Structures are given as structure tokens and as C-alpha cells.
Amino acid sequence: MTVEPPRDPTHGDLATNAAMVLAKPAGLKPRDIAVMLAQKLARVPEIEAAEVAGPGFLNLTLRPDVWRAELAAIDAAGADYGRSTMGAGQSVNVEYVSANPTGPMHMGHCRGAVVGDALASLLAFAGFGVTREYYINDAGGQVDTLARSAHLRYREALGETIEIPEGFYPGDYLVPVGQALAAEFGDRFVGAPEADWLAPFRTRTVALMMDLIRADLMLLGIRQDVFFSEASLGPRVQQALDTLAAKGLIYQGVLEAPKGETADDWEARPQTLFKATQFGDDSDRAMQKSDGSWTYFAGDVAYHWDKLARGYTALVDMFGADHGGYVKRMTAAVRALSDDKVPLDVKIVQMVKLLRAGEPVKMSKRSGNFVTLADVVEEVGKDVVRFIMLTKRSDSQLDFDFAKVVEQSRDNPVFYVQYAHARIMSVGRKAAEAGMVLPPADYARLDDTDLALVKLAAQWPRIVEQAAATREPHRIAFYLGDLAAAFHSQWNLGNDDPQRRFVIAGDPALTAARLALGGGVGQVIRNGLAVIGVEAADELH
RNA sequence: GCGCCCGUAGCUCAGUUGGAUAGAGCGCGGGACUUCUAAUCCUGAGGCCGCAGGUUCGAAUCCUGCCGGGCGCACCA
């Protein structure tokens with residue numbers, strides 16, 4: 001059963017399907033129930049009209065004063081308008097970015113960062129306790145490669161001429177790392193065997209890379225609470241394995257050969273396996289390699305085991321599209337570890353295609369010459385990057401065109417929303433410049449046309465809850481576009497009819513009421529932008 | 001071969017968890033500036049919601065099967 005604003009505004013302010021849902025259990029005709037309900041509801045003071053429509057819909061029209069009161073509520077709540085208690089008592093861990101600490105962030109990481117961060121803010125606004133987390137993959141072979149690459153730069157910093165072999169990280173960003181290592185260790189590791197320097201170089205270099213990444217995230221206004229190191233898992237891996245073993249979900253076995261492309265180096269070997277198939281996965285998954293060392297998956301299981309131990313009521317992971325195949329096994333592991341009590345929601349974030357005036361931006365991985373996040377933020381600004389990343393559902397591919405996203409026109413949603421806010425801010429200034437002395441706003445001066453705007457602004461709390469429930473922050477961006485459109489439309493009525501303007505010379509009372517209307521809309525726009533981490537512009541240039 | 005995601009206007013996409021006559025933007029046609037910033041707005045044309053069944057008062061939405069596109073199928077990280 002639902003009670004919600006209907007798509008078609010001629011169907012009133014609220015519509016409910018209650019009569020149709022109740023018809024079967026009540027053994028009555030839907031329309032008969034609807035008529036009965038309508039008669040009762042018509043006596044509710046806030047309800048102006050209750051009409052039965054179609055197969056048994058009940059359309060409710062609220063009295064205009066309800067909307068006037070809502071405008072007052074927006075004003076009173078201010079930045080808290082729309083804040084919800086739906087998440088009260090629940091704590092969610094949102095893990096996002098988790099880029100490998102082998103270099104600065106590039107645009108491949110950007111969308112997950114923005115969507116994850118906006119989701120975290122959204123959940124917080126909806127009343128959930130939220131932890132923003134980053135998993136540092138600092139335990140694999142790639143980190144050894146990073147350390148070796150840094151060692152080359154270290155020798156370079158000490159005066160050697162180096163050549164970077166194939167398979168090493170060639171990026172310039174390691175030059176200052178080499179200098180830092182040279183300053184720290186002097187020349188004592190120049191000719192030393194790798195075994196002497198690999199571990200310290202790995203630790204230091206990862207730390208410096210994480211500084212780099214944190215700085216990149218700050219450019220987007222992202223600050224995470226927890227940075228969890230894979231290398232620090234230690235005994236947790238065994239503990240997680242023991243937890244699963246205690247549930248009878250671990251066994252020694254041999255997996256079947258992978259289907260599809262036949263792996264030429266595959267051979268059947270006994271391993272320690274997790275019964276992922278019991279939890280909906282396609283295959284059981286290896287926890288230990290045949291030589292007894294842990295798999296990457298085992299580490300990830302231990303990591304999620306740790307998150308569960310920290311007592312969250314729900315977990316959210318943001319994955320890149322290329323990790324889609326990993327979702328089932330991770331979900332299976334969390335189901336097993338938590339006895340199905342703590343849900344893991346894995347959000348897939350699709351690729352971003354970078355364009356410049358319609359032409360794909362060329363990227364060469366080999367030279368390390370990828371488009372960095374810092375470059376993009378510098379070129380178009382944080383707000384544009386953040387907003388554009390939310391202009392599509394995150395599970396479908398997104399085009400990011402450098403030319404289009406800075407365009408000041410209707411088809412640029414960032415500009416469009418900010419322009420609406422700037423207009424709202426400008427009318428207040430205009431009234432002040434005109435030397436108008438405004439009385440306190442009397443909402444009674446607002447008519448149905450004005451109140452139509454309030455109705456849309458009043459949807460904000462619902463939008464927050466819906467977006468939080470579906471964990472889809474893009475809904476915020478779309479709503480703000482709708483609200484801005486309604487505002488612009490209202491604004492232009494003033495072209496034909498001066499009485500519909502916000503500032504009306506000679507009528508301070510109506511001006512005050514209209515400015516209050518604009519103020520309410522502006523407040524909601526600011527609140528929405530705040531949730532997605534975008535600044536509200538007071539004027540545009 | 002198997003799994004996951006996706007197919008909505010010419011293009012790019014929404015679609016209130018199953019509601020009423022499926023909506024925006026761009027593009028195309030027509031219109032509104034002695035203005036509170038026209039950086040905007042109004043209006044018209046444009047649809048078998050991939051196809052075929054099913055579930056029910058009711059389906060773009062849920063189920064099944066096809067067709068078409070993307071991603072993934074390690075003891076890698």
C-alpha cells in the first residue's frame with residue numbers, strides 16, 4: 001500500500017492505492033472501499049478534497065495552508081530540512097576508492113570516489129551512522145614492483161643515470177619519492193641486496209603514495225575516516241578462516257578447471273576452499289594456495305570479518321565494473337561470516353569515458369601518461385566533477401566531455417542548478433539595492449502558482465529517504481535538476497506578468513512573501529548540493 | 001559454456017521498488033528580452049518501453065524463454 005504524490009498533478013497532491021490493495025482481503029469492490037475512505041478522509045482538516053478515480057485510486061488534495069506551513073518548516077529547519085531519522089540506530093560502513101597505492105589517482109578512480117562519498121553523506125543525512133573507509137592493497141606483488149621502481153628513483157636521486165625497465169612503474173611522481181628516500185636513508189641501500197631494502201622501501205613508498213592519494217581525494221573534498229591496510233591483517237586471516245571452519249564451510253578440495261578460455265598453466269591441485277556455493281556463488285573459492293599461502297580473497301574475507309567485528313549493521317562496497325565477477329563470492333563470505341545478519345551491498349560503478357569535444361581522450365598506460373584526477377579537477381573544478389559523476393545511475397557508463405561540462409547552458413546540469421540558486425540569491429540583493437523595506441513574510445500572499453513550487457521543494461525529505469533506501473545518490477542530482485527547472489519556469493512568468501516577479505516595486509508585502517518562497521527553494525537546493533558535496537554559487541560569471 | 005549488468009523518442013538518459021494518458025535534456029519546427037541575469041522560458045512534432053509468453057484489478061517495472069550489447073569467469077591483485 002502506498003501514499004505518494006502522483007505523477008500527474010491533476011490527480012491531486014497525494015494518491016493512495018489503499019482501496020485496491022484492500023479490496024481482495026476485505027471482499028469488497030475497490031471503488032466501494034475508496035468511497036468509504038474518501039468520506040472519512042474528507043473530514044481531516046488538512047484535506048481539502050478526496051476523490052475516487054480510475055479503478056479505485058483515492059486522490060487527495062491538501063489545503064493551501066498545508067504548503068504554506070511546509071514553507072515555514074523549510075525556513076525553520078534550514079540546513080537540517082530533509083534530514084531523516086530512518087537510519088537511527090544503524091551504522092553503515094561504506095568502503096570506496098580503495099585505489100592501489102601505486103600512484104596518484106586517475107579518472108578511473110574518480111567516479112567510485114564521488115559516488116561513494118555522496119552515498120556516505122546521503123546516508124548520514126538520512127540518520128545512519130556512517131564510516132567512510134579505504135582499503136589499502138599494500139600486500140601484493142605490485143607493491144614490491146612499486147618498491148623496486150622507487151629504488152631506481154632513489155639511485156637516480158643520488159646521482160645515477162637510470163633506465164626504467166619494462167614492468168616497472170615509470171611515472172614521474174616517483175621522482176620526489178626517490179628524493180625523500182635518499183634524504184632518509186642516504187646511500188646505504190645503493191648497492192645493497194634487495195632483501196635489505198625491499199621491506200623498508202615498500203613501507204615508506206606506500207606511505208608516500210597514500211599521502212598523494214589523500215591529497216587527490218581532498219581536491220574532491222573527500223576525507224575518509226578509516227584507512228585499512230591489507231598488510232596489517234596479520235592473524236585476522238587465520239581467525240576469519242577459523243570462523244568459517246567452525247561453521248563447517250572450509251574443506252580441502254580440488255576445483256574444476258575454469259571454463260571459457262582454457263588456462264594453459266592450469267592443473268588440478270588440492271587447496272583450502274570456502275563453500276561459497278552454499279551462499280549462491282557459482283563455485284567454491286580458494287582461501288589458500290597449494291603452497292599454503294593465502295589468496296587475495298582470503299585477505300578480503302578477513303578484512304570483511306574485521307568490519308563485521310566492528311559491529312556495523314550494514315556494509316557497502318563500491319566496486320569498479322571490472323570487479324563485477326567478485327561480487328558473489330564477497331557477498332557469500334559476508335553472509336557466511338555474519339550468519340546472514342549483516343547485509344553486504346556491493347555497488348558497481350561503471351566506466352567513465354573521457355571526451356574532449358566528442359573525441360575520446362587518448363590515454364597511454366605504458367608511458368604512465370594517464371589522465372590524473374588532479375588534472376581534471378584543476379581544469380573543470382571540483383563541483384563540476386562531482387555533479388557530473390552523479391548525472392547517471394552509477395551502474396551505467398558515463399561520458400565526461402571536458403567541453404560540455406563547463407558549458408554554461410541548459411544541457412549542463414551543474415550550471416543549470418547553480419544558476420537557479422544564483423538567481424534566488426540575486427533577488428534578495430536586488431530588493432536591498434532598491435531600498436525596499438520589507439515586512440515579515442506573510443505566506444497568505446502566496447497563491448497556487450507559488451505554492452506549486454513549494455510542493456516540489458517539499459518533496460526533498462522523501463527524495464532523501466528514497467535515495468538512501470536504494471543507495472542511489474544520483475537521485476539527488478536529478479531532483480535538483482527538476483527543482484531548478486520548476487524555479488526557472490516560475491521565474492520566467494515574470495517576463496509576461498510583472499506581478500509574478502519576485503521583487504515587485506510598490507508591493508513590499510508581496511515581495512517579502514516571494515523572497516521567502518525563493519528562500520525556501522534556495523534552502524532545499526543548498527541542502528541537496530551539500531549532500532552531494534557541491535557548493536551552491538551565490539552568483540555566476 | 002556459465003554468471004552479472006544493460007536494451008525506454010533520431011541522440012544522451014530519468015522513471016517515486018507494481019499504478020492512472022511512459023517523462024526530461026539535446027537535436028528539429030514555431031514563439032517570448034525597454035528584465036528580478038533571455039546563461040532562461042513557452043510551444044509543436046517525435047514511442048509496439050528489444051521480441052514472445054506468463055503472474056493480476058493493473059507490468060517499462062516481477063517470472064520464464066529467446067534476440068542483441070557490455071563486463072567477468074585464477075593459486076593474479
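Residue numbers begin at 1 in each chain, while the letters A, B, ... track the order of the sequences. Please read all numbers here as calculations on a predicted model, not as lab measurements.
Within 4.0 Å of Phe502(A), counting heavy atoms only, lies at least one base atom of the nucleic acid. Residue-level contact check: Pro5(A) touches the bases, meaning some heavy atom is under 4.0 Å from a base atom. Nucleic acid contact class of Gln397(A) (heavy atoms, under 4.0 Å, all strands): sugar-phosphate only. Residue-level contact check: Tyr326(A) touches the bases, meaning some heavy atom is under 4.0 Å from a base atom. Nucleic acid contact class of His474(A) (heavy atoms, under 4.0 Å, all strands): sugar-phosphate only. Within 4.0 Å of Ile504(A), counting heavy atoms only, lies no atom of the nucleic acid at all. If you check every strand for non-hydrogen atoms under 4.0 Å, Arg410(A) touches sugar and phosphate atoms only. Residue-level contact check: Gly494(A) touches the bases, meaning some heavy atom is under 4.0 Å from a base atom.
As rounded to whole Å, 10 Å separates atom P of U40(B) from atom CD of Glu407(A). In this structure, Leu493(A) atom CG and C42(B) atom C1' are separated by 10 Å, rounded to whole Å. Protein atom CZ of Phe400(A) is 16 Å distant from nucleotide atom C1' of U12(B), rounded to whole Å. Between Asp322(A) atom CG and C5(B) atom C1' the separation is 14 Å, expressed in whole Å. Computed from coordinates, the Gln466(A) CD to A14(B) P distance equals 16 Å when rounded to whole Å. The CG atom of Asp401(A) sits 15 Å away from the C1' atom of G25(B) (whole-angstrom rounding). When the C1' atom of U17(B) is taken as reference, atom CE of Met86(A) falls 13 Å away, rounded to whole Å. A straight line from CG of Asn412(A) to P of C26(B) spans 12 Å, rounded to a whole angstrom.
The side chain of Lys328(A) contributes no N or O atom lying less than 4.0 Å from OP1 or OP2 of C73(B). A close approach under 4.0 Å does occur between a side-chain nitrogen or oxygen of Ser426(A) and OP1 or OP2 of U37(B). For C36(B), neither phosphate oxygen OP1 nor OP2 lies less than 4.0 angstrom from any side-chain nitrogen or oxygen of Arg423(A). Close to A14(B), at under 4.0 Å from its OP1 or OP2, lies a side-chain N or O of Ser396(A).
Judged as a salt bridge (Lys or Arg N to Asp or Glu O under 4.0 Å), the pairs with a partner in residues 504-524 of chain A (not counting sequence neighbours) are, in order, Arg445(A)-Asp507(A), Asp450(A)-Arg514(A). Applying the side chain to side chain donor-acceptor pair (under 3.5 Å) rule to pairs touching residues 422-432 of chain A yields Tyr419(A)-Arg423(A), Arg423(A)-His488(A), sequence neighbours excluded. Under the side chain to side chain donor-acceptor pair (under 3.5 Å) criterion, the residue pairs touching residues 287-298 of chain A are Asn137(A)-Tyr296(A), Thr272(A)-Gln288(A), Asp291(A)-Ser293(A), with sequence neighbours excluded. Listed by first and then second residue, the ring pair (Phe, Tyr, Trp, His ring centres under 6.0 Å) pairs involving residues 9-29 of chain A amount to none (not counting sequence neighbours).
Spacing of C1' atoms, G29(B) relative to A45(B), comes out at 8 Å, to the nearest Å. Between A60(B) and C51(B), the distance separating the two C1' atoms is 14 Å to the nearest Å. C6(B) and U64(B): their P atoms are spaced 14 Å apart (whole Å). Separation of the C1' atoms belonging to A20(B) and C42(B) is 27 Å when rounded to the nearest angstrom. For the P atoms, the distance linking U56(B) with A74(B) amounts to 42 Å, nearest Å. Separating the C1' atom of U61(B) from that of G7(B) is a span of 14 Å, rounded to the nearest Å. Remark: the separation of the C1' atoms in G68(B) and A52(B) is 15 Å, to the nearest Å. On the P atoms, G72(B) is 22 Å away from C67(B), given to the nearest whole Å.
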Under 3.5 Å, which donor-acceptor pairs link side chains of residues 99-112 of chain A to any protein atom two or more places apart or in another chain?
residue	atom	partner	partner atom	Å
Asn100(A)	ND2	Gln142(A)	OE1	3.1
His109(A)	ND1	His106(A)	N	3.2
Arg111(A)	NH1	Gln350(A)	O	3.2
Arg111(A)	NH1	Ser396(A)	O	2.9
Arg111(A)	NH2	Arg393(A)	O	3.0
Arg111(A)	NH2	Ser396(A)	O	3.1

Can I get a per-line list of side-chain donor-acceptor pairs under 3.5 Å for residues 273-280 of chain A, giving both atom names and the distance, sequence neighbours left out?
residue	atom	partner	partner atom	Å
Lys275(A)	NZ	Gly248(A)	O	3.4
Thr277(A)	OG1	Asp284(A)	OD1	2.6

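In textbook terms, a nucleotide whose glycosidic angle is within 90° of 0 is syn, and U17(B) is one such case.
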How is the base pairing of RNA chain B summarised as a dot-bracket string, given the Watson-Crick and G-U wobble criteria with both distances under 3.5 Å, [ ] for crossing and | for another strand?
(((((.(..((((.....[...)))).(((((.......))))).....(((((..]....)))))).)))))....
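The nearest pair of heavy atoms linking Pro508(A) to Pro439(A) is O-CD, 3.6 Å. Ala50(A) and Leu60(A) get closest at one heavy-atom pair: CB-CD2, 3.5 Å.
The ring-ring contact (aromatic ring centres under 6.0 Å, His included) test applied to Phe478(A) returns His474(A), not counting sequence neighbours. Partners of Asp8(A) under the side chain to side chain donor-acceptor pair (under 3.5 Å) rule, at least two apart in sequence or in another chain, are Thr10(A). The side chain to side chain donor-acceptor pair (under 3.5 Å) search around Ser98(A) returns Glu95(A), not counting sequence neighbours.
For Asp395(A), the listed nucleotide lying nearest its side chain is C5(B); candidates were C5(B), A77(B), U56(B). The side chain of Asn100(A) approaches A77(B) more closely than any other nucleotide in the set A77(B), G25(B), G72(B).
The residue among Arg393(A) and Gly325(A) whose nearest nucleotide of RNA chain B lies closer to the 5′ end is Arg393(A). Place Arg462(A) and Tyr416(A) on RNA chain B by their nearest nucleotides, and Arg462(A) ends up nearer the 5' end.
No cation-pi contact links Arg148(A) to Phe168(A), judged by a cut-off of 6.0 Å to the six-membered ring centre and 45° from its axis.
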When you compare the protein's N or O atoms with those of nucleotides 19-21 of chain B, which come within less than 3.5 Å of each other, and at what distance?
residue	atom	partner	partner atom	Å
G19(B)	N7	Asn17(A)	ND2	3.2
A20(B)	OP2	Arg7(A)	NE	3.1
A20(B)	N6	Asn59(A)	OD1	2.6
A20(B)	N1	Asn59(A)	OD1	3.2
A20(B)	N1	Asn59(A)	ND2	3.1

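Using a 4.0 Å cutoff on non-hydrogen atoms, the parts of residues 278-295 of chain A near RNA chain B are Asp282(A), Ala286(A), Lys289(A), Ser290(A), Thr295(A), ordered by number.
Aromatic ring centroids of Phe228(A) and Tyr303(A) lie under 6.0 Å apart.
Gln418(A) contributes a side-chain N or O that, together with a main-chain N or O of Glu535(A), makes up a donor-acceptor pair within less than 3.5 Å.
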